[in-house]
Amino acid sequence: MAGTGRLTKEFFARDSLEVAPELLNLVLVGRGAAGRIVEAEAYGGELDAASHAYRGETRRNATMFGPPGHLYVYFTYGMHHCANVVCGEAGVARAVLVRALAPVSGLDAMRSRRGGGLADTELCSGPAKLCQALGIDGADDGADLVTGEAGLTLVDDGTPAPTGVFCGRRVGLSARVGAAALYPWRFAVPGDPNLSRRTPSGAR
DNA sequence: GGGGGGATTCGG
DNA sequence: CGAATCCCCCCG
């Protein structure tokens with residue numbers, strides 16, 4: 001993980017819980033814009049009641065069961081898209097939800113898609129916000145982030161991994177998922193102004 | 001064929 | 001705090 005540049009299939013082929021904290025400070029490149037991942041959540045497939053894959057493969061979640069390094073995009077609440085990085089070997093449904101980015105480039109493009117007048121820290125401070133900012137929608141479900149053939153890539157620009165990574169409960173899970181709502185599978189750069197939510201002061 | 005619920009966001 | 005606003009999935 002020390003190298004700079006394109007990531008490998010093998011990097012993503014591990015478990016989501018292992019990959020999720022390592023996504024911090026990698027750069028997600030979208031259409032005319034890019035942002036550094038500062039918040040991400042691991043989802044554990046059939047072992048995780050909060051995962052879309054908990055009850056097996058369906059048409060909606062099929063990408064999660066596919067090969068690693070692809071983007072799983074889902075549509076929710078009738079208006080929003082959210083993006084996950086698919087992890088694990090093909091056939092194993094693991095994913096990491098990208099929850100917030102620190103804008104790196106193309107802020108004008110982000111603003112034109114998100115709406116003018118927004119502060120920099122409002123552009124990508126949420127899973128649906130960052131999809132809108134980067135121009136990601138349902139058509140991007142399945143996009144290969146390693147080859148970048150769909151115009152979306154995840155790269156290592158050499159920025160060192162953050163120190164003192166925050167680890168805490170995932171966001172937005174209903175009580176019906178039970179104990180899974182308590183798993184400390186949310187990772188974030190402590191104190192980053194672009195987070196979807198503030199991290200508690202004493203990070204873990 | 002129908003109904004319940006959603007890994008969210010924004011405004012009042 | 002609740003509406004917006006669709007689609008997917010499961011059950012009958």
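So you know, we letter chains A, B, ... as the sequences are listed, proteins then strands, and number each from 1. If you're wondering where the values come from, they're calculated on a predicted model, not measured in any experiment.
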Review point. Stacking between A:Y77 and the base of C:dA4 (centre distance under 5.5 Å, interplanar angle under 30°)?
Key: no

Study note, to complete from the structure: Whole-Å distance, A:F75 CZ to B:dA7 C1', equals 15 Å

Review point. Within this structure, what is the OH-to-P distance between A:Y74 and C:dC6, rounded to whole angstrom?
Key: 18 Å

Practice item. Determine whether the aromatic ring centres of A:Y74 and A:H81 lie less than 6.0 Å apart. Key: no

Practice item. In whole angstrom, give me the gap between the P atoms of B:dG2 and C:dT5. Key: 23 Å

Check your understanding: Quick one: A:L123 CG to B:dT9 P, roughly how many Å, whole number?
Key -> 13 Å

Check your understanding: Given B:dT8, is OP1 or OP2 found less than 4.0 Å from the side-chain N or O atoms of A:R99?
Key -> yes

Review point. If only side-chain N and O atoms of A:R114 are considered, is one of them under 4.0 Å from the OP1 or OP2 phosphate oxygen of B:dC10?
Key: yes

**Study point:** Side-chain donor/acceptor of A:S51 to backbone N/O of A:A53, under 3.5 Å
**Key:** yes

Practice item. Pick base, sugar-phosphate or nothing for A:R170, based on heavy-atom distances below 4.0 Å to the nucleic acid. Key: nothing

Revision key, fill the gap. Atom CE of A:M79 and atom P of C:dG2 are separated, to the nearest Å, by 16 Å

Review point. For A:T159 and A:N25, does a side-chain donor sit closer than 3.5 Å to a side-chain acceptor?
Key: no

Check your understanding: How is A:L173 classified with respect to the nucleic acid when contacts are heavy atoms under 4.0 Å: base, sugar-phosphate, or nothing?
Key -> sugar-phosphate

Review point. Base, sugar-phosphate alone, or nothing: which one does A:A50 contact when heavy atoms must sit under 4.0 Å apart?
Key: base

Check your understanding: Just by modelled atom types, is the A:G151 backbone N or O under 3.5 Å from a matching donor or acceptor in the A:R31 side chain?
Key -> no

**Study point:** Selected nucleotide, minimal atom distance to A:R59 side chain, candidates B:dG6, C:dC8, B:dA7
**Key:** C:dC8

Review point. Which of the following nucleotides, B:dA7, B:dC10, B:dT8, is nearest to the side chain of A:K129?
Key: B:dC10

Practice item. Using a 4.0 Å heavy-atom cut-off across all strands, classify A:S174 as base, sugar-phosphate, or nothing. Key: sugar-phosphate

Practice item. Please say whether more than 12 non-hydrogen atoms of neighbouring residues, nucleotides or ligands are located less than 6.0 Å from CZ in A:F75. Key: yes

Review point. What's the CG-C1' distance between A:L195 and B:dT9, to the nearest Å?
Key: 17 Å

**Study point:** Whole-Å distance separating the CG atom of A:L182 from the C1' atom of B:dA7
**Key:** 16 Å

Point to revise | A:T58 vs C:dC9: side-chain N/O to OP1/OP2 distance below 4.0 Å | key: yes

Exercise for review: Let me know the distance between CZ of A:R55 and P of B:dG5, rounded to the nearest Å.
Suggested key: 12 Å

**Study point:** Polar side-chain atom of A:R113 near backbone of A:A133 as donor-acceptor pair, under 3.5 Å
**Key:** yes

Review point. Any luck finding a side-chain donor-acceptor pair between A:H52 and A:Y43 under 3.5 Å?
Key: no

Point to revise | Separation of atom CD in A:E122 from atom P in B:dT8, rounded to whole Å | key: 16 Å

Check your understanding: Between C:dC8, B:dG6, B:dT9, which nucleotide has the shortest distance from any of its atoms to the side chain of A:R176?
Key -> B:dG6

Review point. Say you pick atom C1' in B:dG5 and the same atom in C:dG2; how far apart are they, in whole Å?
Key: 16 Å

Review point. Is the charged tip of A:R14 near the ring of A:F11: under 6.0 Å from the six-membered ring centre and within 45° of its axis?
Key: yes

Check your understanding: Dot-bracket for DNA chain C, 5' to 3', with Watson-Crick and G-U pairs under 3.5 Å, [ ] for crossing pairs and | for other-strand pairs: what is it?
Key -> ||||.||||||.

